[in-house]
Amino acid sequence: MVLPGQNDPTSDEEAVRLLIQDEEEAPPPYTRHSTEDTSRSRTQLDIASEQDRLRKEKSIKRRLYISHFLSTWNSRVFEFACLLFIAHLWKDTLLPVSVYALVRSASAICLAPMVGRYVDRGDRLKTVRLSIVGQRISVLLWIGGFTFAEFMTWGQPRGKVLSLGALLLLIPFGCIEKLCSIMNLVAIERDWVVVISESTSCGLGVLNSQMRRIDLACKLLGPLFIALVDGYQYSLAIMLIFGMNILSILIEYFAIADVYWSVPALRTGRPMVLDPPNYSSAGSEPSILRHPLVYILTQIRFIFKSLYDYSQHTVFLPSLALSLLYLTALSFSGQMIIYLLSVKGPDGRRPTFATTSIGLLRTLAVILEMLATWLAPAVMKKVGPTRAGLWAISWQLIFSWIAVSMNWDVMPAYISAWLLVSGVILSRVGLWSFDLCVQVVVQEGVEPRTRGSFSALEASLQNFFELCAYVSTIVFSRPDEFQYPAFMSAGMVLIAYVLYAEYVRRTRGHLTHLSRCWDGKKGEVQRRRRHGRDIRMQELP
């Protein structure tokens, strides 16, 4: 019994026990430092994750550029070197070089649609690897065939049969290399680049511009490099090409594989491409060995169906406009260089342009072309690829016609030649800007399941019009007739402008905002007042 004024020990113990229990179950006290530490750790994790992502994307772009550079470099070097080597083997005639170039271009024109279908239907990695191996093996076999032909004819007069046999030995390997080059170009630039830009933060315009810079650098430096080596020692150039193709095949092979495994979207399947019926019970494609006639008819039917689908596509007009620009003599190629070398100066004796000055002018043109790869993405970012393409083709149209509109008969030849060179150099900015804009339009407008077929048909048309350009200079072969291919080239630019302008009108509903152009600032103020008055009228009860 507890007397009054005394404490109950039981109640004290119970109170102490409850106090300890409350302290154990109570949440940790809120402190400002703990919250700051948590947010700081989360920020550090976000920064580390972002750095890993950027490092991974940088690695993807680096391997993609390495693979594209090696493929483009080897293709450009071989394309120019094979003409030099054939010229060494047949020094007394230009016929073998012409036949080789003609058949090689014809194979690209006729067989590119089938290459595009294979790109659409095949596995992405296997397709690109096949193009890499096909390019390198065909070059090695071409070098071997050329060496054998040179050995067989060493010190002997070449008869017609032996010369024809040597040429027939080289042509198939050159055609295979060309088709594998188209396969690699279509697969990487028109499919892989689009998928990578959609799956990562790498912008499509940035990837396209960098790939185009690689193309331009290889176009300028590749032929120059092999020409210098060939001029120093002919056999050294052969061994150099042989060695470069052996060494680069493994680098390309594994670099593109790293890109493939680093981007999960590249491993996803694409919608199946519906082929025309093949007259087979199993639905498989007829064999060329068992049914050669049926196989040939099926391929012809597929080509015509692809052409029809290509012409009905929404981005057909931009693609055709870009292809038409390949029919040109207004570039620093063989035709225009020969014309410039034939133009006499004011004294009528010495040429206006020496080979050194032509080389410097060509370098200046390539520098402006490289400038376009930075200018075009900036303009596309501001106004979009469609409007930027219209501005670019307008630029090219203006300077192309400035280059050819001077009368060759009235004005002194050397002045006309300088105006021609100036107009051509400035027009290259518009040409390559338009090329980049159309490339973006096609990449965004073509469905994933038909990217290969569409781009291969576009490449086929480009080879066809490029062949027509050579035919035009064959018909007008004299230097004093160069004005006719030049006017024809400017006419192609005009037709390309009309086609692209029609596409812009269909897409945007108009070419320019004529009302804003005519009214000026006063009209803009009046439109804003009318717009404000309409809003106030809508707010009235």
Side-chain angles (χ1 to χ4, degrees), residues 67-89 96-119 122 126-150 166-190 214-215 218-219 221-223 225-227 229-230 237-253 256 326 452 455-456 459-460 462-464 466-467 470:
S67 177
H68 184 65
F69 168 76
L70 290 175
S71 177
T72 308
W73 173 266
N74 285 312
S75 179
R76 289 290 187 180
V77 169
F78 173 74
E79 184 180 10
F80 189 76
C82 64
L83 301 178
L84 296 177
F85 297 159
I86 292 176
H88 278 291
L89 197 59
V97 175
S98 302
V99 171
Y100 176 84
L102 179 65
V103 176
R104 194 167 182 265
S105 299
S107 67
I109 294 170
C110 298
L111 301 179
M114 287 185 281
V115 171
R117 181 175 60 161
Y118 181 80
V119 172
K126 291 181 179 178
T127 301
V128 176
R129 280 181 163 177
L130 176 63
S131 69
I132 293 171
V133 175
Q135 276 185 285
R136 304 298 153 253
I137 296 299
S138 59
V139 171
L140 297 178
L141 292 175
W142 195 97
I143 295 294
F146 177 80
T147 305
F148 175 76
E150 189 179 30
L167 188 62
L168 292 177
L169 181 66
L170 300 178
I171 285 177
F173 300 134
C175 294
I176 293 173
E177 194 277 336
K178 179 71 172 179
L179 293 173
C180 290
S181 176
I182 293 175
M183 183 187 298
N184 188 279
L185 179 71
V186 169
I188 297 297
E189 292 194 1
R190 296 302 175 89
I214 293 173
D215 293 340
C218 294
K219 177 184 176 182
L221 300 177
F225 168 75
I226 198 62
V229 176
D230 181 75
I238 296 177
M239 290 187 293
L240 186 61
I241 292 179
F242 193 88
M244 283 194 305
N245 280 271
I246 290 179
L247 293 176
S248 64
I249 185 172
L250 294 178
I251 301 175
E252 288 183 73
Y253 195 85
I256 205 66
Y326 280 76
S455 301
S460 180
Q462 291 171 359
N463 281 276
F464 171 75
E466 188 176 9
L467 193 63
Y470 291 126

Which atom pair, heavy atoms only, marks the closest approach of Y100 to G174?
OH-CA, 3.5 Å

For residues I176 and W142, determine if any side-chain heavy atom of one lies less than 4.5 Å from a side-chain heavy atom of the other.
no

What distance do Q135 atom CD and L179 atom CG have between them, rounded to the nearest 0.5 Å?
10.5 Å

How many angstroms lie between atom CG of L70 and atom CG of L247, to the nearest 0.5 angstrom?
10.0 Å

Show the nearest heavy-atom pair for residues I226 and A237, with the distance to one decimal.
CD1-CB, 4.0 Å

How close do L170 and G145 get, counting heavy atoms only, and between which atoms?
CD2-C, 3.8 Å

Indicate yes or no for a side-chain donor-acceptor contact from S105 to the backbone of A101 under 3.5 Å, with no hydrogens or angles considered.
yes

Would you confirm whether S138, through its side chain, and G134, through its main-chain N or O, come within 3.5 Å as a donor-acceptor pair?
yes

Side chain of T72, backbone of F69: donor and acceptor closer than 3.5 Å?
no

Heavy-atom closest pair, residues A187 and V128:
CB-CG2, 3.9 Å

For Y470, look at atom OH and say whether over 12 heavy atoms of other residues, nucleotides or ligands are found less than 6.0 Å away.
no

Within-4.5 Å side-chain heavy-atom neighbours: R104 and E79:
yes

Drop me the distance from F80's CZ to K219's NZ, to the nearest 0.5 angstrom.
13.0 Å

Within a strict 4.5 Å, meaning less than it, do heavy atoms of the N245 and F78 side chains meet?
no

Test side-chain contact (heavy atoms from CB on, under 4.5 Å) on T147 and F242 and set out the steps.
CA-CA 11 Å; T147 305; F242 193 88; over 6 Å; no

Measure the OH-CD1 distance between Y253 and I132 for me, rounded to the nearest 0.5 Å.
8.5 Å

Over all atoms of both residues, closest heavy-atom pair of N184 and S131
ND2-OG, 3.1 Å

Do D215 and E189 come within less than 4.5 Å of each other through their side chains, counting heavy atoms only?
yes

Can you check side-chain contact (heavy atoms from CB on, under 4.5 Å) on L221 and W73, steps first, answer last?
CA-CA 9 Å; L221 300 177; W73 173 266; 4.0 Å; yes

Is any side-chain heavy atom of F148 less than 4.5 Å from a side-chain heavy atom of L169?
yes

Pairwise distance NZ(K178) to CD1(I182) - rounded to 0.5 angstrom:
5.5 Å

Does some side-chain heavy atom of V186 sit less than 4.5 Å from a side-chain heavy atom of V115?
no

Closest approach of A456 and G116, non-hydrogen atoms and distance?
CB-CA, 3.4 Å

Nearest 0.5 Å, please: how far is CZ in F173 from CD1 in I143?
11.5 Å

The side-chain contact (heavy atoms from CB on, under 4.5 Å) partner of S75 among C180, S181, C218 is S181

Indicate yes or no: at least one non-hydrogen side-chain atom of N74 is less than 4.5 angstrom from one of E252.
yes

